[in-house]
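Remember, it's a predicted structure, so these values are computed and weren't measured experimentally.
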Amino acid sequence: MKQLAKEEQSNQQEMDWTGHLGELRRRFFWSFIVFALSFGVGFYFRQEVYLYVANDVPFQLSVLSPFDIIWVYVIIGTIVGLLVTIPFLAFQLWLFIKPGLTKHEARVSLLYVPSIFILFALGLGFGYFIIKDLVLNFLLGLSDGIVNEMFTVNKYFRFIMQITVPFAFFFEVPLVAMFLTSLGVISPQFMKKTRKYAYLILVILGTMLSPPDFILQLIVAAPLIVLYELAIIMSGFVYKRRMKKLVALQKSIEEDD
């Protein structure tokens, strides 16, 4: 009899896991559909986006092959797709974990969804309007009239994507730190202990995103370090609130006993 009960319980758990995985797969599928649709919207308005970016270029863009302009349109569609899909995917993941949350936790965690979109957009803007100009002016200054400058459309838009998209994800670091702290995965103490290793990684990332100039590399790495310190502060707020809840829960358990 006990063996039969164990088998039924095991089968029920397996069905639950299968149902959860099926639901998660459906939410990823709808996120992919949203990405495809938003990619199509970005591709449809490709000329408007291209003209906006090209008007800001201080030199003439060239095309070396018919496929160059196609890749530019793909890059435009991809950035628009990411901008729309990331908050939608976050909302789908929130709906997936919502049944296991209390009303207060669900209400608080829902605030992460618009925050993800805002920080992603800020990261794109920071990379495009600030870091891109710093790196580009440095690179253009290296020629100093020695050589004829010719820039292809494809390479220039790839350069923009290489600069802006990483910063869009870097700007999510404080939010990720808050979320992981609320789950108990990390703590502000852990982030402080690993600060020197994090700084090393951020400096390396700064060198990868900027030309081989020490000052410029520090300028690029500086906002990454600021984001990490901001992540520690935000993690501290969440950690204190989490500890208060755990202490209150422990007191209520002791009173019930």
Working to the nearest 0.5 Å, report the span between [atom1] of [X] and [atom2] of [Y].
{"X": "L95", "Y": "L24", "atom1": "CG", "atom2": "CG", "answer": "12.0 Å"}
{"X": "T181", "Y": "M243", "atom1": "OG1", "atom2": "CE", "answer": "10.0 Å"}
{"X": "F28", "Y": "S31", "atom1": "CZ", "atom2": "OG", "answer": "7.0 Å"}
{"X": "F129", "Y": "T164", "atom1": "CZ", "atom2": "OG1", "answer": "10.5 Å"}
{"X": "I160", "Y": "L136", "atom1": "CD1", "atom2": "CG", "answer": "8.5 Å"}
{"X": "F237", "Y": "M178", "atom1": "CZ", "atom2": "CE", "answer": "9.0 Å"}

According to a 4.5 Å side-chain heavy-atom criterion applied to Ile, Leu, Val, Met, Phe, Trp and Tyr, with indirect links allowed, do [X] and [Y] form part of one hydrophobic cluster?
{"X": "L51", "Y": "Y128", "value": "yes"}
{"X": "F45", "Y": "V53", "value": "no"}
{"X": "V113", "Y": "L111", "value": "no"}
{"X": "I201", "Y": "I186", "value": "yes"}
{"X": "I232", "Y": "L180", "value": "yes"}

inquiry  = Using 30° and 60° as the class boundaries, would you call the ring planes of F157 and Y50 parallel, tilted or perpendicular?
reply    =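 If you compare the ring of F157 with that of Y50, the planes turn out parallel.
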**Message:** Parallel, tilted or perpendicular: which one describes the rings of F39 and F43, with boundaries at 30° and 60°?
**Reply:**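 F39 vs F43 ring planes: parallel.
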What verdict does the side-chain contact (heavy atoms from CB on, under 4.5 Å) test give for K98 and W94, after you've listed the backbone C-alpha separation in whole Å, the side-chain angles of each residue and the deciding distance to 0.1 Å? CA-CA 6 Å; K98 181 184 175 182; W94 177 82; 3.6 Å; yes
Side-chain atoms of residues 64-77: list all donor-acceptor pairs with protein atoms under 3.5 Å, sequence neighbours left out, distances to 0.1 Å.
from, atom 1, to, atom 2, distance (Å)
S65, OG, D68, OD1, 3.2
D68, OD2, L64, N, 3.2

Between [Y] and [X], is there a side-chain heavy-atom distance shorter than 4.5 Å?
{"X": "V247", "Y": "K244", "answer": "no"}
{"X": "F96", "Y": "Q92", "answer": "no"}
{"X": "V84", "Y": "F117", "answer": "no"}

Are any side-chain N or O atoms of [X] and backbone N or O atoms of [Y], one a donor and one an acceptor, separated by less than 3.5 Å?
{"X": "T194", "Y": "Y197", "answer": "no"}
{"X": "T85", "Y": "L82", "answer": "no"}
{"X": "Y156", "Y": "S62", "answer": "no"}
{"X": "S235", "Y": "A231", "answer": "no"}
{"X": "R158", "Y": "K155", "answer": "no"}
{"X": "E172", "Y": "L119", "answer": "no"}

The residue among F167, F169, F170, F88 that forms ring pair (Phe, Tyr, Trp, His ring centres under 6.0 Å) with F120 is F169
| query | side-chain contact (heavy atoms from CB on, under 4.5 Å) between V176 and V173: does it pass, once the steps are laid out? | reply | CA-CA 5 Å; V176 173; V173 170; 5.7 Å; no
Using a 6.0 Å cut-off, check whether atom CZ of F126 has over 12 heavy atoms from anything other than its own residue. yes
query = Can you check side-chain contact (heavy atoms from CB on, under 4.5 Å) on L224 and V203, steps first, answer last?
reply = CA-CA 8 Å; L224 304 182; V203 170; over 6 Å; no
*For side-chain contact (heavy atoms from CB on, under 4.5 Å), just list the numbers for L83 and I79, CA-CA rounded to whole Å, side-chain angles, deciding distance to a tenth of an Å, and then say yes or no.*
CA-CA 6 Å; L83 190 62; I79 293 179; 5.5 Å; no
> Looking only at heavy atoms, what is the nearest atom pair of Y239 and S187, with distance?
Replying inline: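 It is CE1-CB, 3.9 Å.
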